[in-house]
Amino acid sequence: MPETIVAIATGPAEGGVGILRISGEAALGLGRRFCPELPEALEPRRAYFTAIRDPEGAVLDEGLFLYFEAPASFTGEDVVELQTHGSPRLLRLLLELSASSGLARLAQPGEFTERAFLSGRIDLSAAEAAADLISARSEAAVRSAAASMRGELGARVRAVRGGLVELAADVSASLDFPDETEGASLNLGARLVELGAALEGLVRGARSGRLVRRGAKVVLAGAVNAGKSSLFNRLLDEERALVDGVPGTTRDFLEARWELDGFEVLLVDTAGVRADAVGVEAEGILRGTRAMASADAVIWVGSRDSGAVEPAVLPELLAAPLPEGIPVLRVRNKVDVAPLPGEGVSVSARTGEGVEAVRAWIRGLFGAGALSERWSVSERQAEAIRRASEDVTRAGDAFGAGLLEVVAAALSEAVASLGEITGEGATEAVVGKIFERFCIGK
Amino acid sequence: MGSTYDVIVVGLGHAGCEAALACARMGVSTLGITLRKEAIAAMSCNPAIGGTAKGHLVHELDALGGEMARVADDAGTHFRVLNGSKGPAVRASRVLCDRAGYARRMQRSIEAQERLFLEEAMVSGLEVEDGRVVGVRLGSGEVRGARAVILTTGTFLQALMHVGEQRSEGGRVGEAAAVGLSGALRSLGFVLGRFKTGTPARLLRDSIDFSRCAPQPGDPLPRPLSLRTPREGFPKGRQLVCHITHTGPATHQVIKENIKYSPLYAGGISGHGPRYCPSIEEKVVRFAGRERHQIFLEPDGIDSPIVYPAGVSTSLPEEVQVKFLRTIPGLEAVELARPGYAVEYDYSVPTQLHATLETRRVRGLYFAGQLNGTSGYEEAAFQGLIAGINAALRLAGGSELVLGRDEAHGAVLIDELVSRGVDEPFRMLTSRSEHRLRLRESNADLRLRGHGHRVGLVSDGEWAETEARRVRIEEVLARVRGTAVARLLRRPECHYGELSRAGRVPELPDSDAAEVETELKYEGYIARQSRQTAREAGRWGQVKIPDDFDFHAVRGLSTEAADLLAAHRPHSVLGARKVPGVTPAAISLLLVHLHRKAPIHGV
């Protein structure tokens, strides 16, 4: 039997409730030490309101005692949860007392999840979601991790995968059993388009899910003196960046962590770009470039007096292209002074005009819809979804070129890619489906 | 002990013939034991060699130095390329053969082969000493000694034939079953399973009205399967026409009314049948919505009075067979030469084998063919060849021949058998090969002749021919890669011949030009596929599972999953992933367990 482990199950910050969680054979015994007034016979899954005492009998706090009997618990072992009033100091004390009792040791990060996984209580994708849950930083991240635990991601992926398996089976059957499937209508083009769109949706969901989990890095960039820092401050509603009318004030770059409607944003203000920068300023521009390379989105700021360098020439100025597929918002700043014609959002960082539109755009990065509809994906899952989407695009290209066997191969790869999430193999799935759908005999 | 041979091959069907010929040609003295010499290389089901995936297997077998392709070319009466327009990788050759002519032609190869001896006998046991096979025991009680034994007993182990409610022992109509051997294998610890397969009635040609069927001639310019078949004088015999007809609602009605007489539904058959080759009664039940099922009327041979109706395999009583067949266009007055039947037989669970097809349990003992749970002549022949090559290599002290899944469909076949096992008679499909785009009939020589040459089944001259072809192709590829010409050739509508006539690329023989074209068209796809496979194999294949690993000690693993894994004994997590019925969660638990013992990097 593995050792009993104990940990504080809530975050380090002072909150309303603090939870101490104990899992293992000695969980109940240890829990009772802190709560001597509990009745002899405990009903599992019932919350007991009781005093929490130290070994000498002094009352430390009052709180709830919950007992989950093995195997009907998160870890599959006996689990006790002590819910206290959330003082970090009290929780630390309880933890120390637990460890010094000799009945339990401190849990390593993720160990509860590992036990849940080992006891078959959660599958790999749920375990990964749990890992995300542990590292979740904002409320939205917690909710979306929970959604994935409940299998929303799994359900969506399985649905798309099901369609892919059927299509792959139909194509493969026409290749492996040409006589028997003669004349069967594949409707290949339309089905590829449909599946491609479904996968695109998954990719978008995965992208915003990823942003939900780890926050979005949004970089403000643009020509020197376009008013990036003013916009930065205006977005944050505080005078954080040093604002100055002389070109090139922000020599380095500034970052601010910002919670926007429950989503975490890392807003980065970079040095203005200009071709003739030297010394410290040139170094600042270089750092801004690096910040942009890892950005999830770029807000390109221009204004009439700054010369409004176009984002199109950005790569040359920066000597480094923007990573592909990064959303860019073009902002025309200082509309109150001298409106700049062209596309994008008109803003006056000084008066606040148009700033809400910029906020809304950032908010849109996290996807539309209610928080609970979104699901979090691990990097591994996002990568698998992205590959499946590419596979289907390739299948479409091959279909256009009339290469049916390449279509089959690309579809099988897409099935395999999604199988990395659901954990199912491709070949057997496709072969099984062929036999189910086609009447093949001798 | 009586006379002793290097190798004994038990059973001379399609697997046994290849095994015996390979051994003898590789220089080891070989005894082939068969129940009946006239039945050597009998085509017990349809008179065809090849088809999708099967045509690939035959090309691969031919490149490795096997016999089947050459024999089929000589006995072929109808050559056709399937999937001609669906792409070069799935293009597949199929040859209808003169059934009697095929067997006679193979028998001639066997009889003429040096170092290959024949004996008519039933083998009832194996002689094993210290975990190594030393010979076989005959039904008469005599023993024949050998340093290696290859079992290729096909469907003959405890074979039971069913026609309606009548049952008789036997592996093929008119032939005895092999008895005793199943028990002998079990007492050595081998696990056997039970499968069934079926075959349709044989029809008398003169009772068929072909005017009511659609004719299907062979290709106007037939191409041989074998690299060794001379183009002059090919095809040898007269070419025949195949016909297509179909069942209809009346047929299905007869079958439904009589389904209770089918041993399958009456519960008389316990073995698992294949999903891809269901009897007509299964088709009618499972695909109730279908109004018709296609039937190919395949001539049994040039002088044969018999026609094989592909698509209506059945084990219904003979009078029901006649009744439903007569509802089919063209068959209104059909007479049977003999009824269709189902056969049940023992197979050996193939996960008990190494990839060389040697058994894990008894050294020097090899299993090949339908005995391993496969279906089809070509699947059997390929295994026979590999078993024969490996037995002979072992005796000569050479390194074994185990092909990679990226080298041959045949390797995929064997890998699936030994690492995954079978839950129905196993038929090869190109869809099972993740490297399908690379494994083409047209490049089997480039892929495999080197191996055939190394083991001694391909002559220096033949290998030199292939190498010259490889050089021609590679030179052109090296010249055009990255050029505008290569970009042009990647376009589907552009062909090498046109560019060659325009003087933009060197002239090449047609087969080489086609290879250049395909290589260029598929380069990107194949590179991607290889990366994908490498990633997968790297990720899981490197996580080894020790031979003495206790699957029941994995925490959280269900007893069912542990039993499955323990039965298959995969060598790596990649292998474990292929075990049917093992869930992803089980694999995760296994990984976690292995990881705890020794951290696995990159997983």
Side-chain angles (χ1 to χ4, degrees), chain A residues 2 76 114-115 117-127 168-169 171-180 182 387 390-391 394 398 400-410 412-413 416-417 419-428 430-432 434-442, chain B residues 45-46 51-53 82-83 85-90 92 198-200 274-280 282-283 286-287 290 293-294 296 310-313 416 420 429-434 436-437 491-492 521-522 525 528-529 532 536 555-558 577-578 580 583-585 587-589 592-593:
Chain A
E114 185 195 349
R115 289 188 180 195
F117 172 62
L118 283 173
S119 66
R121 305 289 300 173
I122 56 174
D123 69 13
L124 191 59
S125 87
V171 176
S172 294
S174 83
L175 299 176
D176 270 326
F177 300 100
D179 287 334
E180 289 84 345
E182 187 87 51
R387 260 190 286 120
E390 283 173 14
D391 293 334
R394 239 185 21 267
L403 301 169
L404 205 54
E405 57 191 10
V406 177
V407 175
S412 289
E413 280 164 33
S417 297
E420 288 176 24
I421 300 176
T422 61
E424 293 149 291
T427 311
E428 262 315 292
V430 172
V431 169
I434 292 176
F435 295 140
E436 198 180 295
R437 286 168 72 82
F438 292 91
C439 177
I440 284 150
K442 83 175 161 191
Chain B
C45 205
N46 60 341
T52 55
L82 311 178
N83 280 339
S85 64
K86 289 176 185 165
V90 294
T199 188
R275 285 172 295 179
Y276 49 80
C277 193
S279 60
I280 187 68
E282 284 172 272
K283 286 191 203 176
R286 268 178 48 197
F287 298 94
R290 290 274 296 261
H293 295 279
Q294 201 160 279
F296 291 84
V312 282
S313 117
E416 295 278 309
R420 219 194 138 90
L429 305 171
T430 63
S431 306
R432 296 192 199 271
S433 299
E434 64 276 34
R436 171 160 66 190
L437 295 180
R491 307 233 300 254
K521 281 191 169 66
Y522 282 8
Y525 300 111
R528 240 196 80 84
Q529 261 188 344
Q532 174 106 2
E536 174 87 342
R555 262 173 65 198
L557 198 59
S558 69
R577 275 163 61 87
K578 293 185 193 161
T583 61
I587 295 297
S588 307
L589 291 169
V592 170
H593 189 93

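Values reported hereafter were calculated over all heavy atoms of this structure, with side chains retained and with hydrogens, waters and symmetry mates removed. If you're wondering where the values come from, they're calculated on a predicted model, not measured in any experiment.
Of all non-hydrogen atoms in B/T52 and A/F177, the two that sit nearest each other are OG1-N, 4.5 Å.
For A/A409, the side-chain contact (heavy atoms from CB on, under 4.5 Å) criterion is met by B/L437, B/Q529, not counting sequence neighbours.
B/K86 contributes no side-chain N or O that, together with a main-chain N or O of A/P178, makes up a donor-acceptor pair within less than 3.5 Å.
There is no contact between A/A410 and chain B, counting heavy-atom distances below 4.5 Å.
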Would you please test B/R436 and A/L175 for side-chain contact (heavy atoms from CB on, under 4.5 Å) and show each step?
-> CA-CA 11 Å; B/R436 171 160 66 190; A/L175 299 176; 3.8 Å; yes
